[in-house]
Amino acid sequence: TKEQIKGLDEQVQEIKKDVLAISAELNQLEEKLIYPSDTQLAFFVSVEDGSNYQPDAIKIKLNGKDVAHYIYSYKEVEAMQRGGVQRVFVGNVQTGEHRLDVVSLGKDGGSKTNDKASHIVKKGVGPQILEIRLSSSGIKFNDW
């Protein structure tokens, strides 16, 4: 009958809602397991305000291992020069000191640049964010 079909349809809709809620919870749990907040480390890249620097590519090593490399498009360079920030790495590391090596290829005006810089990341308990700021005068680091 129509009433039975309607009741069955309502049950199916309720089951769908429950499945979607369970799926969302599982995704949150998976993210917490993969990136627990106390070991999380994230690197963001930006271009210094007022700089003519145009990044072409960046390569990042953490403790001697490649963790990120990226080649920038024209639109991405424009966005970064207007204040945009790019997340290039999110990962888990133990507390303590970690060596970060960054190589940036780009242009300053018309001349090509090849900048290299190293930084010691002092990872404490809790999530940590590090900004890698590119400019005509080199690479700078800013802990958030």
Side-chain angles (χ1 to χ4, degrees), residues 5-144:
I5 292 174
K6 187 176 180 181
L8 186 60
D9 187 45
E10 289 174 358
Q11 288 177 350
V12 168
Q13 292 302 322
E14 285 182 33
I15 291 171
K16 283 183 180 179
K17 286 180 185 178
D18 290 344
V19 168
L20 289 173
I22 291 170
S23 176
E25 285 181 43
L26 285 173
N27 286 339
Q28 288 177 345
L29 287 172
E30 181 182 25
E31 188 171 321
K32 286 181 181 179
L33 287 172
I34 293 173
Y35 300 114
S37 64
D38 59 337
T39 63
Q40 192 175 48
L41 177 63
F43 300 143
F44 289 82
V45 177
S46 66
V47 173
E48 190 170 282
D49 290 340
S51 175
N52 291 329
Y53 187 75
Q54 298 175 346
D56 288 331
I58 191 166
K59 183 176 182 178
I60 301 172
K61 288 185 176 188
L62 184 63
N63 298 323
K65 294 181 183 177
D66 287 338
V67 294
H69 49 83
Y70 195 81
I71 298 172
Y72 293 97
S73 70
Y74 179 74
K75 288 185 177 186
E76 291 168 325
V77 171
E78 281 185 332
M80 289 179 74
Q81 287 178 328
R82 290 191 312 261
V85 177
Q86 178 205 16
R87 181 177 72 179
V88 293
F89 172 79
V90 175
N92 297 331
V93 297
Q94 296 177 345
T95 57
E97 293 187 352
H98 302 275
R99 181 180 172 87
L100 175 67
D101 296 302
V102 178
V103 176
S104 173
L105 304 174
K107 297 180 194 93
D108 180 15
S111 59
K112 292 188 176 194
T113 63
N114 184 355
D115 295 320
K116 297 178 184 179
S118 295
H119 181 72
I120 299 297
V121 178
K122 295 179 182 173
K123 177 68 176 87
V125 177
Q128 185 170 349
I129 298 172
L130 179 76
E131 177 186 15
I132 302 167
R133 188 176 304 141
L134 309 176
S135 71
S136 303
S137 59
I139 301 169
K140 299 173 186 170
F141 300 95
N142 184 25
D143 287 306
W144 288 347

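Every heavy atom of this structure was used, including side-chain atoms; hydrogens, water molecules and symmetry mates were not.
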message: How close do S73 and E76 get, counting heavy atoms only, and between which atoms?
response: N-OE1, 2.8 Å
- request: For atom CG of D66, decide whether the heavy atoms of other residues, nucleotides or ligands shown that lie under 6.0 angstrom number more than 12.
  value: yes
- request: Starting at CZ of R82, measure out to CG of D49 and round the result to the nearest 0.5 Å.
  value: 13.0 Å
field: Contact check, side chains of L134 and I58, non-hydrogen atoms, under 4.5 Å
entry: yes
- prompt: Do the side chains of H119 and D143 get nearer than 4.5 Å, heavy atoms only?
  reply: yes
query: Which distance, rounded to the nearest 0.5 Å, do you find between the CZ of R133 and the CZ of F141?
result: 11.5 Å
field: From D115, D108, T113, residue fulfilling side chain to side chain contact (heavy atoms under 4.5 Å, CB included) relative to S136
entry: D108
query: Do Y70 and I60 have side chains that get closer than 4.5 Å, going by heavy atoms?
result: no
Audit row: F44, L130, side chain to side chain contact (heavy atoms under 4.5 Å, CB included) steps and yes/no: CA-CA 6 Å; F44 289 82; L130 179 76; over 6 Å; no
task: Answer whether the closest heavy-atom distance between the side chains of L26 and E30 falls below 4.5 Å.
output: no
message: Show the nearest heavy-atom pair for residues I139 and A117, with the distance to one decimal.
response: CB-CB, 3.8 Å
message: My understanding is that only one of E78, Q54, Q86 makes a side chain to side chain donor-acceptor pair (under 3.5 Å) with Y72; could you say which?
response: Q86
field: Rounded distance [0.5 Å steps], CD in Q28 versus OG in S23
entry: 10.0 Å
- prompt: Which pair of non-hydrogen atoms, one from D56 and one from K107, has the smallest distance, and what is that distance?
  reply: OD1-NZ, 3.2 Å
- request: Identify the two heavy atoms, one from K122 and one from Q128, that lie closest to each other, and give their separation to 0.1 Å.
  value: O-OE1, 3.2 Å
Extract all donor-acceptor atom pairs below 3.5 Å that involve side chains of residues 97-105 and protein atoms in other chains or at least two apart in sequence.
{"residue": "H98", "atom": "ND1", "partner": "N63", "partner atom": "ND2", "Å": "2.9"}
{"residue": "H98", "atom": "NE2", "partner": "Q94", "partner atom": "O", "Å": "2.7"}
{"residue": "R99", "atom": "NE", "partner": "D101", "partner atom": "OD1", "Å": "3.2"}
{"residue": "R99", "atom": "NE", "partner": "D101", "partner atom": "OD2", "Å": "3.3"}
{"residue": "R99", "atom": "NH2", "partner": "D101", "partner atom": "OD1", "Å": "3.2"}
{"residue": "R99", "atom": "NH2", "partner": "S118", "partner atom": "OG", "Å": "3.0"}
{"residue": "D101", "atom": "OD1", "partner": "S118", "partner atom": "OG", "Å": "2.5"}
{"residue": "S104", "atom": "OG", "partner": "Y53", "partner atom": "OH", "Å": "2.6"}

